[in-house]
Amino acid sequence: MRILGIETSCDETAAAIYDSDQGLLSHALYSQVALHAEYGGVVPELASRDHVRKLLPLIEQALQQAGITRQALDAVAYTAGPGLIGALLVGAGVGRSLAYALKIPAVRVHHMEGHLLAPMLEANPPDFPFVALLVSGGHTQLFRVDGIGQYAMLGDSLDDAAGEAFDKTAKLLGLSYPGGPALAKLAEQGQAGRFKFPRPMTDRPGLDFSFSGLKTFALNTVQREGDDEQTRADIALAFEVAVAETMAIKCRRALQETGLKRLIIAGGVSANQRLRHHLHTMAKKEQAELYYPRLEFCTDNAAMIAFAGSQRLLGGDVQQALALDATARWSLENIETLIAAKAF
Ligand code: KG4
Ligand code: ZN
C-alpha cells in the first residue's frame, strides 16, 4: 500500500510517501521558522496561510522524489490534531479533497501517534510492548505502548511541556525562536557544575513532570549572577542537565514499574543530544534498549504521519466519510484502539 502523509499541525508543512512493502519512498518539508522568528513564536494565522501556499508544491515534490504519480497512491493520511486548528484544516482540506478526487480512503492521524511511531521508520524497529517518552513543544508524556492504538498514559506534564520549557528558558537567555536547539548549542560552552538546578518531582513517587519551576530558577539565576556570555552558557547547561536527568529518572521508574526493557523517545526534544546521552546511560544500567528516530524525524515531519496512517489502514481504520475533521485538543489516550491491528 502506498500512502501520502500530510503534516500541517503547527509551523512545518510536510508531505511524504510511505510504501508498506518498500518503506519510505520520499519526504519533503518546509519549515516556517524564519516567518515566525521576528515574533518570537508561532503566529497561528500566518502559519495557516503559509501552509496554503506550500502544501501542494510539497506534495508534488514528494511524488516526484518517489517517482510516482498521484494515481499510484492507495490512501492519504493527514494530521487531524492536536495542533493549531487553522493550520490543521489546511492539511485536512487538501488531504480529504485529494482522496475524494482519487477515490481512495483518507485517514486522520493523531500527531502524537505519528511522533510515537516514528522510531519504527528506522532499521531495527522496537517490538511491542515498550515504554514511550513523548517530548515535544506541547507534550511531555510517558506511555505504556502495547500495540498500534494501545496507549496507556503513565505520566504527564502538570505545567510547561519540555519543549515549551526549553523555548521559554532560551528566550530569557536572549536566544531566538525556536529556543531548544539554540539553548543546546549555547550549553556546549557551559562549565559543568557551576549551577545546580532542581530535578522537579523526582523526590516523590509518580511519573508526572513539572518543568515551569526550572524556567523561574533560570530567571532568578540570571538576575542574581548577571547575563554575561559565560554565565548564560553555564545556566543553559545546568538547565539542560536538569531536564535530561529528570527525564532519565522518570524513564527508569517507568521501566521498573512496567517491567519492560524497551524505551523509545520521540518528539522535537528527543533530538537533544544530552537527553539521549543521559537516557543511554540509564538504559544501559537497566539493561534496556533505547530507540529514537533519526534527527530529522524527531521534529515535525510527514514521514511519521504517512507511517502512522499506513498502520491505521492496515489495522482496518478506513474513513470514507467526507467530513472535514480536525481537532485542536485531542488526548492520545482517546484514540480509537484498532481491534484488528496487524503486525508490520
Ligand atoms: O515535535 P516538535 O517539532 O513540535 C511539536 O509537536 O511541538 O517539537 C518542537 C519542540 C520545540 O519546543 C523545540 O524547541 C524543541 O522541540 N527542540 C529541542 C531540540 N530540537 C527541537 N529541544 C531541545 N534540544 C533540541 N535539540
Ligand atoms: Zn510535533
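Just follow the structure's listing: the first ligand is 1, and inside any ligand the first atom is 1. Count residues from 1 along the sequence.
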Query raised in the report: Do NZ/NE/NH1/NH2 and the carboxylate oxygens of Glu188 and Lys185 come within less than 4.0 Å?
Result: no
Query raised in the report: Can the ring centroids of Phe239 and Phe166 be said to lie less than 6.0 angstrom from one another?
Result: yes
Query - Salt-bridge present (Glu60, Arg70; N to O < 4.0 Å) - result: yes
Requested in this report: Look at the N, O or S atoms of His111, main chain and side chain alike, and state whether any lies under 2.8 Å from the Zn ion (ligand 2).
Outcome: yes
Requested in this report: Indicate if Leu142 and Leu275 have the same hydrophobic cluster label, given that clusters are the connected sets of ILVMFWY residues with side-chain heavy-atom separations under 4.5 angstrom.
Outcome: yes
Query raised in the report: Are any of the heavy atoms in His115 under 4.0 Å away from ligand 1?
Result: yes
Query raised in the report: Taking non-hydrogen atoms only, is His139 closer than 4.0 angstrom to ligand 1 via side chain, backbone, both or neither?
Result: neither
Query raised in the report: Can you find an N or O of Gly163 that's nearer than 3.5 Å to an N or O of ligand 1?
Result: yes
Query raised in the report: Which class fits the ring pair His111 and His115: parallel under 30°, tilted 30 to 60°, perpendicular over 60°?
Result: perpendicular
Query raised in the report: Who's closest to atom 21 (C) of ligand 1 heavy-atom-wise, of Gly180, Gly267, Gly268?
Result: Gly268
Query raised in the report: Considering only protein heavy atoms, which is closest to atom 6 (O) of ligand 1, and at what distance to one decimal place?
Result: His111 NE2, 3.1 Å
Requested in this report: Could you tell me which atoms of ligand 1, counted from 1 in the order shown, lie closer than 4.0 angstrom to a heavy atom of Gly137?
Outcome: 5 (C), 7 (O), 8 (O), 9 (C), 10 (C), 12 (O)
Requested in this report: Taking the six-membered ring for Trp and the single ring otherwise, decide whether the centroids of Tyr292 and His280 are under 6.0 Å apart.
Outcome: yes
Query raised in the report: To the nearest 0.1 Å, how far is atom 23 (C) of ligand 1 from its closest protein heavy atom, and which atom is that?
Result: Asn272 ND2, 3.6 Å
Requested in this report: Using non-hydrogen atoms of the residue, decide whether Gly138 is closer than 4.0 angstrom to ligand 1.
Outcome: yes
Query raised in the report: Looking at side-chain heavy atoms only, is the closest gap between Leu88 and Thr79 below 4.5 Å?
Result: yes
Query raised in the report: Got an N, O or S from His115 under 2.8 Å of the Zn ion (ligand 2)?
Result: yes
Query raised in the report: Just how far is it from atom CG of Leu172 to atom NZ of Lys168, taken to the nearest 0.5 Å?
Result: 10.5 Å
Requested in this report: May I ask you to identify the nearest protein heavy atom to atom 3 (O) of ligand 1, giving residue, atom name and distance to one decimal place in Å?
Outcome: Asp300 N, 3.1 Å
**Report entry** Polar atom proximity, Pro178 to ligand 1 (N or O, under 3.5 Å)
**Finding:** no
Requested in this report: Give the atom name of whichever N/O/S atom in Asp300 sits closest to the Zn ion (ligand 2).
Outcome: OD1
Query raised in the report: Taking the six-membered ring for Trp, are Trp330 and His110 parallel (under 30°), tilted (30 to 60°) or perpendicular (over 60°)?
Result: tilted
Requested in this report: Name the closest protein heavy atom to atom 11 (C) of ligand 1, giving the residue it belongs to and the distance to 0.1 Å.
Outcome: Asp167 OD2, 3.6 Å
